[in-house]
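Excluded from the calculations below are hydrogen atoms, water molecules and symmetry mates; all remaining heavy atoms, backbone and side chain alike, are included.
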Amino acid sequence: MSKRLKIVLLIVIGILLADQLIKIYIKTHFAMGDEYFISSWFRIHFTENPGMAFGMEFGGFWGKLALSVFRICAAIFGIYYLRQIIIKKYHIGYVAAIAFVFAGAVGNILDSMFYGVFFSDSNNFEIARFLPVEGGYAGFLHGRVVDMFYFPIVEGNFPTWLPIWGGEDYMFFRPIFNLADASISTGVILILLFQKRFFKENQLAENPVESTQPTEQENNSI
């Protein structure tokens with residue numbers, strides 16, 4: 001087993017296990033909207049969303065179904081792409097970044113696929129139950145994604161003299177997210193920060209003959 005494949009398996013399995021354990025614990029111990037204050041700027045706040053990362057939505061029955069199918073297709077392509085970049089020996093940091101994105105995507109896919117089938121509905125008064133006798137709250141591919149990490153680091157009001165937003169409330173960071181979302185963001189940030197290093201080595205990996213052949217000037221000097 002290659003070093004790159006070991007790193008991919010470690011990242012994907014580790015993130016998926018941690019993500020699902022956290023989600024299942026929150027789902028079975030918190031009622032909808034429950035909060036646990038770790039600090040003034042870091043809270044565990046249970047919420048669910050039927051759509052994309054960070055609470056964004058792609059509405060309706062068919063919208064949810066289309067999003068779930070798209071996610072599954074993207075995950076299948078992710079497996080193929082990871083295999084290709086491992087075989088071609090891309091920069092190990094780039095392989096790791098793609099593994100983070102892939103693991104996060106699969107983590108949220110599992111919610112959409114199975115949570116509606118395996119759990120009763122969460123609401124403000126009742127904590128969800130696992131494998132309820134009456135069945136789950138939704139069908140296959142229609143489960144809601146569990147979110148819990150909330151970082152209202154800075155909040156206040158815009159000054160009244162400010163155009164458009166004057167007097168309105170603001171908050172950073174408003175979205176509530178989960179470990180899978182954070183994994184996706186981590187992978188994307190790594191690619192953006194180190195893309196020159198990653199892709200320079202990737203080009204050498206794809207064209208090893210060209211990188212080792214002497215240039216015309218070097219031939220003349222020989």
Please walk me through it: do F140 and F114 pass side-chain contact (heavy atoms from CB on, under 4.5 Å)? CA-CA 6 Å; F140 182 65; F114 300 116; 3.9 Å; yes
In sequence, state the C-alpha distance, the side-chain angles, and the governing distance for Y94 and F194, and then conclude on ring pair (Phe, Tyr, Trp, His ring centres under 6.0 Å). CA-CA 8 Å; Y94 180 69; F194 301 106; over 10 Å; no
Begin from the C-alpha positions of R174 and E155 and carry the test side-chain contact (heavy atoms from CB on, under 4.5 Å) through to its verdict. CA-CA 9 Å; R174 188 180 296 273; E155 53 186 314; over 6 Å; no
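Looking at heavy atoms from C-beta onward, D121 lies in side-chain contact with R144 at the 4.5 angstrom threshold. Side-chain contact between V95 and V8: present, with at least one pair of heavy atoms (C-beta onward) separated by less than 4.5 Å. For the pair L110 and K23, the minimum side-chain heavy-atom distance is 4.5 Å or more. When side chains are defined from C-beta on, F70 does not count as touching I109, because their heavy atoms never get closer than 4.5 Å. Between I22 and N178 the shortest side-chain heavy-atom distance does not fall below 4.5 Å.
Atom CZ of F102 and atom CD1 of I79 lie 4.0 Å apart (nearest 0.5 Å). In this structure, CE in M32 is found 4.0 Å from CD in E48, a value given to the nearest 0.5 Å. Atom CD1 of residue I26 and atom NE2 of residue H45 lie 11.0 Å apart, to the nearest 0.5 angstrom. A distance of 15.5 Å separates CZ in R83 from CZ in R4, rounded to the nearest 0.5 Å. Interatomic distance, OG1 of T186 versus CD1 of I191, reported as 11.0 Å (0.5 Å rounding).
Taking all atoms of both residues into account, the shortest heavy-atom contact from G93 to F198 is C-CZ, 3.5 Å. Listed here is the closest heavy atom pair of F118 and P132: O-CD, 3.6 Å. Nearest approach of S183 to F100, heavy atoms of both residues: OG-O, 2.6 Å. Heavy atoms only, all atoms of each residue included: I15 and L179 are closest at O-CD2, 4.1 Å.
Aromatic ring pairs are classed by plane angle as parallel below 30°, tilted from 30° to 60° and perpendicular above 60°; the pair H29 and Y25 is parallel. Using cut-offs of 30° and 60° for the angle between ring planes, the F77 and Y81 rings count as parallel. By the 30° and 60° cut-offs, the orientation of the rings of F46 relative to F30 is perpendicular. Classification of the F151-F42 ring pair by plane angle, with boundaries at 30° and 60°, yields parallel.
The number of heavy atoms from other shown groups lying within 6.0 Å of CZ (F130) is above 12.
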